[in-house]
Structures are given as C-alpha cells and as structure tokens.
Amino acid sequence: MALKGIAVSPGIAIGKAFLLNMESFVIPKIAIKKEEVPEEIERFKQVLKQTREEIINIQKKLNRELGSKHSDIFNAHLLILDDPVLTEQMTEKIKKRKLTAEYLFQQIIRNYKKAFSKIDDAYFKERISDIQDVGKRIIRNLLGRKKTNLANLERNVIVISYDLSPSDTALMRKEKIMGFATDVGGKTSHTAIMARALEIPAVVGLEKISTKAKNGDLLIIDGDKGIVIINPRPEVIEKYYKKKEEVLKFNQELKKIRALPAQTKDGCPIEITANIELPEEIDSVLKEGAEGIGLYRTEYFFLNRSVLPTEEEQYQAYKFVAQKMNPHPVVIRTLDLGGDKFLSHLNIPAEMNPFMGWRAIRFCLARPDIFKTQLKAILRASKYGKLKIMYPMISSVEEFRQANRVLAEVKKDLEEQSIPFDKKVEIGAMIEIPSAALTADILAKEADFFSIGTNDLIQYSLAVDRINEKIAYLYEPNHPAILRLIKTVIEAAHKEGIWVGMCGEMCSEPVFIPLLLGLGLTKFSVSPLMLLRVKKVIRSVSLKEAKAAAREILNLETIKDIKRFSRSRFNIQRLQRCIYPTRQF
Ligand code: PEP
Ligand code: MG
C-alpha cells in the first residue's frame, strides 16, 4: 500500500515502523524506603489529578473541533480516574509492598484487564481498551515522560505518528531514526524544518499513516516524492535500494562543488549561509562550506527542558557557535517561542490562533526578564566572533525600537560591570509580517539588515496556516502578492544601503532560486543539507536572464501563469534534479 503526502525532507529510508506512543513501557521494580511511602502516595494522587486535567483538555479540544460525540469517549477514562477504589487499592499496595507507584499501578491495570476479559459481556470487553489507554497515560505521567523519549530509542526505526511537535523532532538522531511520517503537517512547519536539519527523510500530511501502519511493518519513506509504502513487494524494495545508492552517489558528486565559488553562471557572487537550530549542526555547516549562519533559531535551546537555560548556559552555546564560525558571521535570532513551539513549564495559556498570538518578539517584550537574559548572553558571546542580533516577527518600527530599548539597557548594564562585548554588533529585523514588508522603507532607516522570513510571510499574507496539510495547496510562494512583497523589501533595503537576505524555505527551492536572483536577492540562508544543492542551482543560472524573466513575471496576474512561465523559462525540471536526484516528472 502506498500513501501520498507532502515531501518535507529528502532521501530514502527503508526500515521497520515504530508507532509512537503505541509501545509498552518496561518498568523496573524499584523499592522505596518506609519514610518515602506518604510521598509516593501523594505523587500518585497528583498524577491522577494531572492526568484528569490532560483528559479534560483533550475533551475540550475535541469538542471544539469534532463535537461532543467524539469527546464523550473520554468520559469512561474520567470515570476510571475518579474511581475511589483505585486510589484506595494503590494506597494500600504502596504501604504494604513499598515499591514505586508505576510498578504497582501496572500490576493493578493488568489485574483489571484480566478480570474484565473473563466477563462474557460486550460492554466490559470494550472497557478493556479504556483501561489500557488511561492506564498508559497515568504510567507515562508517573514516569515523568510526556511521550516516548525519541532521543533514547534503541533500534533503527521509522517513526510513525499522528503528529510530531518541533520539540519531539529535535530529539531525533539519524543514527536511531531512519525516517518519519505523520498524518498532519506542512512543508514549512518547524517539524519539517527540523527534519531537514537532522537530515532525516520525512513525509508529512499523509492523513492516515498512523492508522494504516502497524508496529513492525516494513516501510519505505521516499522523502523526495512524498510517498510512504507499507509492506512493499520485494521488487519495489530492490528498486528503492537502488535509488538509495543513487542518492549516495549524488551526494558524493555534490561534494565536488564545495570548493567552487557561489556565483551565478555570469559571475555574480552570491552569499550562501546556513540556518541552524542546534549548535551540533555547526560541523555539517562547516563541512558544506557555508559562508556563515544566516539564521540561528535559538528557541530550540529552550525546548525539551524543565527550566529555562541560564545566562551562562546560553552564553556558552552562543560563544561556541561564534568561535566555530569565526571569521564568518552568525545571525542569532532572539527567542521565537509560541506558534508551534512551546515550553510546558512556562504555563503559557493555550491560544486559538497561536501563530498570530503571543509569539516571538511579543512574548519577549512581555517577559523582559527572559529577553534580557538572552540578550546579555549574546552580547557577552559577541566578542568571540562576528555575531549579529535579529528580532523575529517585527510588525512595526515601534516594536523594533522597543526591542532596541531593552537591548540598550542590557548594553548599559554590561558597560557598568565592565563586561566586554562587540559594541558594533549589527541589529536586524526579520521581515515576515506583511506590515513590516510594507513599511520596509521606514524600518530600513533604523535596522542594520533585513532577513526575509517567507515561511511566515506567506502564511500571514495569504492567511494560510503553514502547518495545516488541508490547505497546503493554498500555501503558494508564487502568489503575485508574495513576489511583490519580496521585491518591495529588497528595494527598500538597497535604497537605504543595508543588506538583505532571505532565510525562509522558499530560497532553498530550485523553482524559486532564479526568480529570487532576478528580484535582486544576493544572500540565501538555507538548511545545511541544502547548502551545496542551492549552490549547484545558483551556478547554473544566468543573472542577466533571471532579471529579465523576473521583470516579466512581475507583470503576470495569476499563480498559474507564473508557474507556467517559470517552468518554461527556467527549465525547472533540470533545476529540480540538482536537488532531488530521484524525483521524476
Ligand atoms: C520564516 O518565517 O521564514 C523563518 C525563517 O522563521 P521560522 O521558520 O522559524 O518561523
Ligand atoms: Mg518565522
């Protein structure tokens, strides 16, 4: 069976399916001391409370999205949680056996299941899965893990899940996880971006993969075409092994252009830098010959931990990146939390429209304690390399000034304490909100540089959620509105004599590279995986021709016309092959 989804991270993976959160836990038998008994009982009660809250939240969400019919199924879970006999039994057991709550609770669940399955009644048989579900949730909470810890998987697997958060994905390592596939998601979701950063082949938006695949099924992930094949026939497996070899060969070949300059066919130099999420990516950035880091998404340093990183921890991370990249520049983006990236311990209330809500610079300006700590760490690290600071989600010049006022306070503090930092550190704005793009001429007078964030600029301009697979067809960089906004921003920057780059995913797509060059873009920041591929495309484009084509494209009225024009003028198929060796058209 083959399912078609959205190709988000190139490459081919062939391996066994691992359905996330469908696995059983192995709980060691651990004794507790007599004096720890009351604490253990209390911990169990607290976990019941926590689980109750979780279930109520899920119910509310389901109710909103699908109606009460679907959310009612959780009533049975709540009844189990509220059963006083359960708490009594557990209290007794902990007192008597002096073992951890999770170990004892697992036994209780087993006994319940056994007893229910012996009753010859359909109602009771159905309740077994409720007991199992709620039991697993309680055990997971007792073990203190939200979900399977993807960092600790012991086998080589292909992860299958309904959804994966960017923080889940950040835990993946390609030595353990060969690929992943999800039911939901879009190409510019942070989960997809993370997959490319980790070089893990991935397909999202498959709609039904989590119900069609079973644990242990053999899967093929085709991250170039966006296809997942479940239990393929032997000849298909063989075909894909051959493709895998082709990809390897292609990657070897690609290395040859590392030493060649990043320039167009007619000799115009273009800067290609990398987007990173984790300091560990620096090695592949250097290996691929990047001319710097155009976007360091620092929020990943804040995810998957129970407390905020201290100033010292942040300083060490930024210093490491600055030193490793020196003399190349590193654009450090200040915290962009919110949207699809959250810290559970900050208790940020759930929002109906998180991408348009309390996110990025808005959050930082409301939490100057967190913002200042980060700015201080960046400034301290600035003396070890060429750091630049960039604020995300700037919507107006007032907001940019407000952020700069906080920065000025931090600089003053450092000066008073005689802590050295680079006094000339450049301050830039991400241009990813239409209001910022339309007032780029005003912002350009105050910012030292711009970086165009098309991932968000497209979602906000076209009102298309970037992580929703149902409307992915509307997420269209070729929209005339987007091209006009990009042109406006580039021209405004050039007029004021500041530099402008792009760090959104649009600039790694071969179809858009000639067009962006034609619109005057000279700085591309892409995921490390794409560095050489993008260079290959750029080297095949004539700037003169791209400029002429872009002028014509700007006069076209529809997406369809733009696509048709680009396809014929830029020989898109040839360009696509520079990036996706196995994709056929
Ligand atoms: C963007 O919006 O284009 C961008 C680069 O930032 P992020 O993807 O982290 O929102
Ligand atoms: Mg963004």
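For ligands, and for the atoms within them, numbers begin at 1 and follow the listed sequence. Computed from heavy atoms alone, side chains included, the values below leave out hydrogens, waters and symmetry copies.
The pair R367-D369 meets the salt-bridge criterion, since a charged nitrogen lies less than 4.0 angstrom from a carboxylate oxygen. A salt bridge is defined here as a Lys NZ or Arg NE, NH1 or NH2 lying under 4.0 Å from an Asp or Glu carboxylate O, and E351 with R359 fails to meet this definition. With respect to E409 and K372, a salt bridge is recorded, a charged nitrogen being found less than 4.0 Å from a carboxylate O. Between K187 and E509 there is a salt bridge, since at least one side-chain N of the basic residue sits less than 4.0 Å from a carboxylate O of the acidic one. The pair E280-R173 meets the salt-bridge criterion, since a charged nitrogen lies less than 4.0 angstrom from a carboxylate oxygen. Salt bridge annotation for D283-K324: present, with a cationic side-chain nitrogen under 4.0 angstrom from a carboxylate oxygen. A salt bridge links E311 to R380: at least one charged side-chain nitrogen sits closer than 4.0 Å to a carboxylate oxygen.
Screening residues 521-537 for side chain to side chain donor-acceptor pair (under 3.5 Å), with sequence neighbours left out, gives N251-R533, E271-K523, T273-S525, N275-S525. The stretch residues 435-449 participates, sequence neighbours left out, in these side chain to side chain donor-acceptor pair (under 3.5 Å) pairs: R401-E446.
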Could you give the N/O to N/O pairs under 3.5 Å linking ligand 1 and the protein, each with its distance?
from, atom 1, to, atom 2, distance (Å)
ligand 1, 2 (O), E432, OE1, 2.9
ligand 1, 2 (O), D456, N, 3.0
ligand 1, 2 (O), D456, OD2, 3.0
ligand 1, 3 (O), G453, O, 3.3
ligand 1, 3 (O), T454, N, 3.1
ligand 1, 3 (O), N455, N, 2.8
ligand 1, 3 (O), N455, ND2, 3.3
ligand 1, 6 (O), R333, NH1, 2.9
ligand 1, 8 (O), H190, NE2, 3.2
ligand 1, 8 (O), R297, NH2, 2.8
ligand 1, 8 (O), N455, ND2, 2.9
ligand 1, 8 (O), R466, NH2, 2.7
ligand 1, 9 (O), H190, NE2, 2.8
ligand 1, 9 (O), R297, NE, 2.7
ligand 1, 9 (O), R297, NH2, 3.4
ligand 1, 9 (O), R333, NH1, 3.0
ligand 1, 9 (O), R333, NH2, 2.9
ligand 1, 10 (O), H190, NE2, 3.2
ligand 1, 10 (O), R359, NH2, 3.2
ligand 1, 10 (O), D456, OD2, 2.9
ligand 1, 10 (O), R466, NH1, 2.9

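Counting only protein N, O or S atoms, 2 lie closer than 2.8 Å to the Mg ion (ligand 2).
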